[in-house]
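Report on one structure; see the data block that follows.
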Amino acid sequence: GSVVLRDRKHLAEDGMIVVVLPYSSYDHLMVSEPEIVTRGFIYVKEAEELMEELKRVTYESVEACAAQHITDWSTIKSRVKNNLSGYLYKTTKRNPMILPVITEI
């Protein structure tokens, strides 16, 4: 349908980013730095500085949620997605699809 075609066009033009957030099931805090995987957006080996900035923005988003005692997974993912989207548009003028994934460890 038209929704599928729109999503495929969006992916073809701007790519996608998957942000994996490793959370502790015990205290609901991140146990290590986020892992960022890109497809069709940038070539990672040529954009190390941008990848580090994406990790920084992600970490700051998660820390802000922790400071506000937000533990709802969907709210955390939404904040990470919105902050990364804003940062990426300002720096690259592109709007990739961003998929935050929380893994409980």
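Small disclaimer: the values here were computed from a predicted structure and weren't measured. The first residue in the sequence is number 1, and the count goes up from there.
Here the side chain of Arg94 pairs a donor or acceptor atom with the backbone of Phe41 at under 3.5 angstrom. Between the side chain of Ser85 and the main chain of Lys81, no donor-acceptor pair closer than 3.5 Å is present. Distance alone, capped at 3.5 Å, places no donor-acceptor pair between the His28 side chain and the Ala66 backbone. Under the 3.5 Å distance criterion, the side-chain polar atoms of Ser78 are left unmatched by any main-chain donor or acceptor of Ser74.
Put simply, CD1 on Ile17 and CD1 on Ile98 are 5.5 Å apart, with the number rounded to the nearest 0.5 Å. For the atom pair Arg79 CZ and Cys65 SG, the distance stands at 4.5 Å (nearest 0.5 Å). For the atom pair CD (Glu52) and CD1 (Ile36), the distance works out to 8.5 Å, reported to the nearest 0.5 Å. Between His10 atom NE2 and Asn95 atom CG the span is 5.0 Å, to the nearest 0.5 Å.
Clustering of Ile, Leu, Val, Met, Phe, Trp and Tyr side chains at separations under 4.5 Å places Leu11 together with Met16, Val18, Val20, Val37, Met97, Leu99, Val101.
The two residues Pro34 and Pro22 come nearest to each other via the heavy atoms CA-CD, 4.3 Å. The minimum heavy-atom distance linking Asp72 with Thr75 is given by the pair OD2-OG1, 2.8 Å.
Ser24 is listed as a side-chain neighbour of Asp27, based on a closest heavy-atom distance under 4.5 Å. For the pair Met51 and Thr38, the minimum side-chain heavy-atom distance is below 4.5 Å. Side-chain contact between Leu21 and Trp73 is absent, with no heavy-atom pair separated by less than 4.5 Å. The side-chain heavy atoms of Ile102 and Pro100, taken from C-beta on, include no pair separated by under 4.5 Å. Residues Thr71 and Ile76 form no side-chain contact, since every pair of their non-hydrogen atoms from C-beta on lies 4.5 Å or further apart. A 4.5 Å side-chain heavy-atom check between Glu104 and Tyr26 finds every atom pair outside the cut-off. Using a 4.5 Å cut-off on side-chain heavy atoms (C-beta onward), Ser25 and Ile105 make no contact.
In terms of hydrophobic clustering, with Ile, Leu, Val, Met, Phe, Trp and Tyr side chains grouped at heavy-atom distances under 4.5 Å, Val80 and Tyr89 are assigned to different clusters.
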*asked:* Using the rule given for side chain to side chain contact (heavy atoms under 4.5 Å, CB included), can you reason through Leu29 versus Tyr23, listing the C-alpha separation, both sets of side-chain angles and the distance that settles it, and then say yes or no?
replied: CA-CA 5 Å; Leu29 298 174; Tyr23 264 80; 5.5 Å; no
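Atom CD of Gln68 has more than 12 heavy atoms from other residues, nucleotides or ligands within 6.0 Å. Annotation: Tyr59, atom OH; neighbour count of heavy atoms from other residues, nucleotides and ligands within 6.0 Å does not exceed 12.
A salt bridge links Arg56 and Glu60; the closest N-O separation between the charged side-chain nitrogens and carboxylate oxygens is under 4.0 Å.
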